[in-house]
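The structure presented is a predicted model; accordingly, all values stated were derived computationally and were not measured.
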Amino acid sequence: MRVPLGNIRTGFEGFRRLLDLEDTALRVSGDQCIIDMSQLQWLDANMCSILGAICHRVLSRGVQLDIEGLSGWTENTVRKNGFLSDFGRPTSIDWHDTTIKYRRFLEDPPGEFKSYVDSHFRAGSLGLPQMSEALLRRFRSSLFELLWNALEHSETEMGIFACGQYYPRKNRLDFTISDLGIGMRERIRRSLKMDLSPCEAIDWAMSGNTTKRGRVPGGLGLKLIREFITLNGGRIIVASDAGYWQFSGGEKSVQPFDKTFSGTVVTIEINTADQTSYRLKSEVDPADIF
């Protein structure tokens, strides 16, 4: 069976198309499924995090899966970030240093999450706005917490998937983490016996609430990141179950999908046109945050 995939951009429509792909691929009656990308002209490379998660879910059902039809710029992009290595194809060198490598984590061996985050989110790399050393450490620590909580709190058995892309011409740096766990709605229901809609569950979690205090306390690890994104003019997107939540321009919006994704996806989008120099206000005034 061949399943066509159209353009995938970071946003509601891109997520919806990937949910449609998953729904179709999981209903394959035979033993082989081909994702046909011959009509695809644009793929935001950070969305490989979700595509990779979906591919692993389909493969876990015993379906033989392959990708065909990639060409030109799009093929070069997913070769550079290592996504095609899952399909036995070589990875290309990223000469322009715009890629956050595609990785699947089944666990966090000592220092692996930290090494992954530190190697990509360096001062002056990927168009990051200027940050003080103290803020950059806190920022990377928040990303580490985000990765750890995705692995621990989701109860996934298939790991988490991460990758990102710097788009110099679009003044964007997007980093996406996906898991194949129970999702926010189910996590809240099991832990707190609260029956929320998918959108309500995401909004509850993104309001600073948490169901568990484990090795890394706190919810999603997004408190400092959300404060930074508010000042930076970037965007945060969370999709889980049948809910889509977006924070941009200081405002949030929610929207339901007509299909369900069993897991959670978080995208952090940084505005790289921001010329502000950031530091923790505690470096100046201990009473303040930034």
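Under a 3.5 Å cut-off, the side chain of S125 and the backbone N or O of H120 do form a donor-acceptor pair. Side chain of T156 to main chain of M158: a donor-acceptor pair is present (N/O by atom type, distance under 3.5 Å, no hydrogens or angles). Between the N232 side chain and the F228 main chain, no donor and acceptor come within less than 3.5 Å of each other. D241 places no side-chain N or O within 3.5 Å of a backbone atom of T260 that could act as its donor or acceptor partner. Proximity of a side-chain donor or acceptor of R226 to a complementary backbone N or O of M206 within less than 3.5 Å is detected. Put simply, the side chain of R17 gets close to the backbone of N7: a donor and an acceptor are under 3.5 Å apart. Side chain of S141 to main chain of R137: no donor-acceptor pair is present (N/O by atom type, distance under 3.5 Å, no hydrogens or angles). Side-chain atoms of T91 do not come within 3.5 Å of backbone N or O of K80 as any donor-acceptor pair. A side-chain donor-acceptor contact under 3.5 Å links Q165 to the backbone of T98. Looking only at distances, no side-chain donor or acceptor of E145 sits under 3.5 Å from a matching main-chain atom of S142.
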Walk me through whether L147 and I177 qualify under side chain to side chain contact (heavy atoms under 4.5 Å, CB included). CA-CA 7 Å; L147 284 162; I177 300 171; 3.6 Å; yes

Let's go through E75 and R79 carefully: what are the C-alpha distance in whole Å and the side-chain angles of both, what is the deciding distance for salt bridge (Lys or Arg N to Asp or Glu O under 4.0 Å) to 0.1 Å, and is it a yes or a no? CA-CA 6 Å; E75 181 178 14; R79 282 189 183 275; 3.1 Å; yes

Walk me through it: do L18 and L5 pass the test side chain to side chain contact (heavy atoms under 4.5 Å, CB included)? CA-CA 8 Å; L18 288 172; L5 183 65; 4.3 Å; yes

Given H153 and W148, is the side chain to side chain contact (heavy atoms under 4.5 Å, CB included) satisfied, shown in steps? CA-CA 8 Å; H153 291 191; W148 174 259; 5.8 Å; no

Evaluation steps, salt bridge (Lys or Arg N to Asp or Glu O under 4.0 Å), between D195 and R189: CA-CA 6 Å; D195 188 14; R189 188 192 68 79; over 6 Å; no

Evaluate R279 against E133 for salt bridge (Lys or Arg N to Asp or Glu O under 4.0 Å), listing each step before the verdict. CA-CA 8 Å; R279 66 180 61 242; E133 184 177 345; over 6 Å; no

Applying side chain to side chain contact (heavy atoms under 4.5 Å, CB included) to I268 and L146, what does each step give before you reach the verdict? CA-CA 11 Å; I268 300 163; L146 185 60; 3.7 Å; yes

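Here the closest heavy-atom approach between residue C199 and residue P256 is recorded as SG-N, 3.9 Å. Residues N81 and A45 approach most closely at ND2-O, 3.6 Å, considering heavy atoms. For the pair S240 and I202, the tightest heavy-atom approach, listed with the atom from each and the gap, is N-CD1, 3.7 Å. Contact detail for I188 and A201: the closest heavy-atom pair is CD1-O, 3.6 Å. In terms of heavy-atom proximity, L59 sits nearest to V63 at CD2-O, 3.4 Å. N271 and A273 make their closest contact through OD1-N, 3.0 Å (heavy atoms, listed as atom of the first residue, atom of the second, distance).
The distance from the SG atom of C33 to the CG atom of L26 is 9.0 Å, given to the nearest 0.5 Å. Atom CG of residue D179 and atom CD of residue E152 lie 12.5 Å apart, to the nearest 0.5 angstrom. In this structure, OG on S119 lies 10.5 Å from NZ on K114, to the nearest 0.5 angstrom. S60 contributes atom OG, which lies 10.0 Å from atom CD of E157 (distance to the nearest 0.5 angstrom). Once rounded to the nearest 0.5 Å, the distance linking CD1 of I67 with CG of L40 reads 10.0 Å. Taken from OH in Y278 to CE in M131, the straight-line distance is 8.5 Å, to the nearest 0.5 Å.
Ring geometry, F175 versus F121: the interplanar angle exceeds 60°, so the pair is classed perpendicular (tilted spans 30 to 60°). Relative ring orientation between F12 and F257 is described as parallel, the plane-to-plane angle staying below 30° on a 0-90° scale split at 30° and 60°.
Side-chain contact between I160 and S178 is absent, with no heavy-atom pair separated by less than 4.5 Å. Between V3 and I34, every side-chain heavy-atom pair lies at or beyond the 4.5 Å cut-off. The closest side-chain heavy-atom distance from H56 to D86 is below 4.5 Å. Using a 4.5 Å heavy-atom cutoff, the side chains of T272 and L128 are not in contact. A 4.5 Å side-chain heavy-atom check between T267 and I236 finds every atom pair outside the cut-off. Under the 4.5 Å side-chain criterion, counting only non-hydrogen atoms from C-beta, Y244 is not in contact with R16. In this structure, L136 and S132 have side chains that are not in contact, with every pair of non-hydrogen atoms separated by 4.5 Å or more. Looking at heavy atoms from C-beta onward, L65 lies in side-chain contact with I35 at the 4.5 angstrom threshold.
For the residue pair D174 and Y166, no side-chain donor N or O sits within less than 3.5 Å of a side-chain acceptor on the partner. Side-chain N/O atoms of T176 and S49 include no donor and acceptor closer than 3.5 Å. Y167 and N46 are linked by a side-chain donor-acceptor pair at a separation below 3.5 angstrom, with hydrogens and angles left out of the test. D44 and T10 share a donor-acceptor pair across their side chains, judged by distance under 3.5 Å alone.
Note that K170 lies in the cation-pi zone of W42, set by a 6.0 Å cut-off to the ring centre and a 45° limit from the axis. Judged by a 6.0 Å distance limit and a 45° cone about the ring axis, R57 is positioned over the six-membered ring of F261. Under a cutoff of 6.0 Å and an axis angle of 45°, R235 and F247 do not form a cation-pi pair.
Shown here is W73, whose CH2 atom has more than 12 heavy atoms of other residues, nucleotides or ligands within 6.0 Å. Applying the 6.0 Å contact sphere to CD of Q41 captures no more than 12 heavy atoms from other residues, nucleotides or ligands.
A salt bridge is absent between E22 and K259: the closest approach of a Lys/Arg side-chain nitrogen to an acidic carboxylate oxygen does not fall below 4.0 angstrom. Contact check on R140 versus D118 returns a salt bridge, with a Lys/Arg side-chain nitrogen under 4.0 Å from an Asp/Glu carboxylate oxygen. Salt bridge R89/D66: present, at least one basic N to carboxylate O contact under 4.0 Å. Ionic pairing of R190 and E186 is present here: one or more N-O contacts between side-chain nitrogen and carboxylate oxygen are shorter than 4.0 angstrom. The pair E68-R2 meets the salt-bridge criterion, with a side-chain N (NZ, NE, NH1 or NH2) lying under 4.0 Å from an Asp/Glu carboxylate O.
Residues F144 and Y116 place their aromatic rings such that the two centres sit no closer than 6.0 Å.
Neither I182 nor V238 shares a network with the other; the hydrophobic side chains, linked directly or stepwise wherever heavy atoms of I, L, V, M, F, W or Y lie under 4.5 Å apart, form separate groups for each.
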